[in-house]
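Working notes, beginning with the structure itself.
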Amino acid sequence: MEFPNVLALPLEEAERRLAERQIKYEIQPLVPPREDIADYASRDVRKYVVRQQVLSDDKLVLTIVYR
């Protein structure tokens with residue numbers, strides 16, 4: 001299976017492109033060691049894809065960062 005390149009895209013756009021092709025994926029957030037994902041819940045932040053990795057079962061793992 002061929003996967004689209006979604007690196008550096010906002011998460012919303014990456015999800016849209018993957019949904020169009022019916023590709024399964026999971027999201028793995030990347031945050032600094034002393035911070036928690038919950039710290040970003042109340043902030044107006046954008047999420048960007050910084051890594052995409054193909055798993056053996058034709059599924060993608062998208063690593064995202066908050067900006």
Side-chain angles (χ1 to χ4, degrees):
M1 175 180 276
E2 191 170 318
F3 296 98
N5 183 1
V6 295
L7 288 175
L9 292 177
L11 179 59
E12 295 80 21
E13 176 64 19
E15 289 179 316
R16 185 188 66 74
R17 291 183 186 192
L18 295 174
E20 284 178 355
R21 295 187 178 192
Q22 299 177 344
I23 296 173
K24 296 184 226 172
Y25 63 93
E26 64 182 58
I27 297 171
Q28 181 178 29
L30 181 64
V31 294
R34 293 194 173 130
E35 293 185 22
D36 188 49
I37 296 170
D39 296 338
Y40 295 93
S42 62
R43 298 183 198 171
D44 183 28
V45 294
R46 289 178 254 156
K47 301 170 189 171
Y48 290 92
V49 179
V50 294
R51 181 179 183 206
Q52 73 181 49
Q53 180 181 15
V54 179
L55 299 180
S56 61
D57 59 352
D58 285 338
K59 184 176 180 181
L60 282 178
V61 175
L62 302 178
T63 303
I64 62 165
V65 295
Y66 298 86
R67 293 199 143 222

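We count residues from 1, following the sequence as given. Just so you know, these numbers come straight off a predicted model, no measurement behind them.
Between the CD1 atom in I64 and the CD atom in E15 there is a gap of 8.0 Å [rounded to 0.5 Å]. Here CG of N5 is found 8.5 Å from CZ of R17. Values are rounded to the nearest 0.5 Å. Here CZ of R51 is found 11.5 Å from CG of L60. Values are rounded to the nearest 0.5 Å. Rounded to the nearest 0.5 angstrom, E2 CD and D58 CG are separated by 12.0 Å. Note that CG of L30 is 11.0 Å distant from CD of E35, once rounded to the nearest 0.5 Å. Interatomic distance, R67 CZ to R46 CZ, rounded to the nearest 0.5 Å: 9.0 Å.
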Audit row: L11, I27, side chain to side chain contact (heavy atoms under 4.5 Å, CB included) steps and yes/no: CA-CA 9 Å; L11 179 59; I27 297 171; 3.8 Å; yes

Verdict with reasoning, Y25 to V61, per side chain to side chain contact (heavy atoms under 4.5 Å, CB included): CA-CA 6 Å; Y25 63 93; V61 175; over 6 Å; no

Audit row: L7, V50, side chain to side chain contact (heavy atoms under 4.5 Å, CB included) steps and yes/no: CA-CA 6 Å; L7 288 175; V50 294; 5.9 Å; no

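Inter-residue side-chain proximity for Y48 and L9 is flagged as unmet; no heavy-atom pair is nearer than 4.5 Å.
Ionic pairing of E20 and R16 is present here: one or more N-O contacts between side-chain nitrogen and carboxylate oxygen are shorter than 4.0 angstrom.
In this structure, D44 places its CG atom where only 12 or fewer heavy-atom neighbours from other residues, nucleotides or ligands lie under 6.0 Å away.
Closest heavy-atom contact between F3 and K59: CZ-N, 4.4 Å. Contact between V6 and V49 at its shortest, heavy atoms only, is O-CB, 3.5 Å.
A donor-acceptor pair under 3.5 Å links the side-chain atoms of Q52 to the main chain of P4, judged by distance alone.
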